[in-house]
Amino acid sequence: WFLYTINEDKLKTSKVGNFPNGRIPLNKMVKNEYLAKDMSGDSAYLIKSASEALNKLIKLYEEAKFDGKQEIFFTDGYRSRSRQTVLRKKDRKAARSGKSNHGWGISVDIHWGVPPSLNQDRFILPSAFKHPVYKWFFENAPKLGWYNPPKLRDYKDLEEWWHWEYRGTGKLISPVPPEY
């Protein structure tokens, strides 16, 4: 259950240059092979270290055998400032433009058989965090620097089991699993 992070200031500057959130040139990132299967445009891009770690994670997932395993797909990766603005206009719960971790090229949205609409239903919502696919990712993704942020699984505001962020390995940030 141990989750790690790297220094966020270094992540936001040294990995891709000194660019603001949502304004990282695509030639400073890499097109991820798994994201590109499901998406086009800037959504298929991540910073290099995040992309490499995601490739390893998905290969590990593909090799895993467990009850309840389902096919996964991606609905988002990098978000340019303009896409952040459009999403915010559609959904007020979306991060403000320039504030989304997708804008740093370190976040992905991973989906499987649990519809995101469940985040509207507080009675059904816990089933998403009990799902075998979520449990597998929660237990295995941190080994490769990916995690589902605690604030997105604390049942206090917006719950997003599909949102995963890359932080690399380093400083311990949150050993607490969601309540199954």
Side-chain angles (χ1 to χ4, degrees), residues 1-12 20-24 35 38-39 42-43 46-47 50 53-54 57 61 68 70 72-180:
W1 301 117
F2 293 100
L3 304 177
Y4 298 89
T5 187
I6 57 176
N7 180 300
E8 194 164 325
D9 291 332
K10 287 184 180 177
L11 176 69
K12 293 176 181 177
N21 181 302
R23 302 220 191 270
I24 302 170
L35 297 178
D38 297 323
M39 300 175 295
D42 62 4
S43 293
L46 295 171
I47 64 170
L54 183 64
L57 178 62
Y61 180 78
Q70 295 182 350
I72 61 169
F73 62 96
F74 296 91
T75 59
D76 222 343
Y78 175 71
R79 285 184 193 159
S80 65
R81 189 70 64 94
S82 60
R83 273 203 326 111
Q84 290 178 47
T85 299
V86 168
L87 286 172
R88 177 73 177 182
K89 286 179 182 177
K90 288 181 182 178
D91 182 356
R92 300 302 293 165
K93 290 182 179 181
R96 290 188 178 117
S97 185
K99 302 294 183 190
S100 172
N101 280 336
H102 285 278
W104 295 117
I106 61 167
S107 300
V108 296
D109 291 340
I110 306 172
H111 292 279
W112 54 90
V114 180
S117 61
L118 283 183
N119 76 350
Q120 306 298 318
D121 189 330
R122 291 288 185 207
F123 297 107
I124 298 174
L125 176 64
S127 67
F129 293 104
K130 292 177 185 175
H131 195 282
V133 174
Y134 179 85
K135 286 182 176 183
W136 186 92
F137 273 94
F138 191 85
E139 293 169 4
N140 292 281
K143 297 171 192 171
L144 293 163
W146 286 92
Y147 78 104
N148 178 237
K151 68 181 179 181
L152 298 181
R153 54 184 161 83
D154 62 7
Y155 298 103
K156 292 182 181 175
D157 187 29
L158 181 65
E159 310 308 317
E160 293 187 2
W161 55 89
W162 61 83
H163 180 89
W164 294 81
E165 296 180 3
Y166 177 73
R167 297 295 181 168
T169 57
K171 181 181 169 191
L172 179 68
I173 61 163
S174 175
V176 181
E179 294 180 21
Y180 292 145

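This structure is a prediction, so every number in the text was calculated from the model and none was measured.
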Gap between atom CG of Leu35 and atom OG of Ser43 - 0.5 Å precision: 8.5 Å
Check: Asn148 main-chain N/O paired with Glu165 side-chain donor or acceptor under 3.5 Å: no
Residue pair Phe138 / Pro142: nearest heavy atoms and the distance that separates them: O-CD, 3.3 Å
Euclidean distance, Lys151 NZ relative to Lys156 NZ, rounded to 0.5 Å: 12.5 Å
Reported NE2-to-CG distance for the pair His111 and Asp109, which is rounded to 0.5 angstrom: 5.0 Å
Test item: Trp146 and Leu54 side chains (from C-beta on) under 4.5 Å apart, heavy atoms: yes
Gap separating the CZ atom of Phe137 from the CG atom of Leu144, nearest 0.5 angstrom: 10.5 Å
Any side-chain heavy-atom pair of Ser97 and Arg88 under 4.5 Å: no
Phe74: ring-ring contact (aromatic ring centres under 6.0 Å, His included) partners, not counting sequence neighbours: none
Heavy-atom pair of closest approach, residues Lys130 and Lys135: O-CE, 3.5 Å
Side-chain heavy-atom pair Asn101, Arg167 within 4.5 angstrom cut-off: yes
Atom of Arg79, atom of Ser100 and distance for their closest heavy-atom approach: NH1-OG, 3.7 Å
Criterion side chain to side chain contact (heavy atoms under 4.5 Å, CB included) on Leu87 and His102, from CA distance to verdict: CA-CA 12 Å; Leu87 286 172; His102 285 278; over 6 Å; no
Phe73, Trp162, Trp161 screened by side-chain contact (heavy atoms from CB on, under 4.5 Å) with Trp112, the one that passes: Trp161
pair Arg83-Asp76: side-chain heavy atoms closer than 4.5 Å: yes
Ring-ring centroid check Tyr134 Trp164, cutoff 6.0 Å: yes
Between CD1 on residue Ile24 and CG on residue Leu46, distance to nearest 0.5 Å: 10.0 Å
Residue pair Ile110 / Val133, side-chain heavy-atom distance below 4.5 Å: no
Worked verdict on Glu159 versus Asp154 for side chain to side chain contact (heavy atoms under 4.5 Å, CB included): CA-CA 7 Å; Glu159 310 308 317; Asp154 62 7; 3.6 Å; yes
Heavy-atom closest pair, residues Gly68 and Pro132: CA-CG, 3.9 Å
Donor-acceptor under 3.5 Å (Tyr78 side chain, Ser107 main chain): no
Rounded distance (nearest 0.5 Å) linking atom OG1 of Thr75 with atom CG of Asp38: 8.5 Å
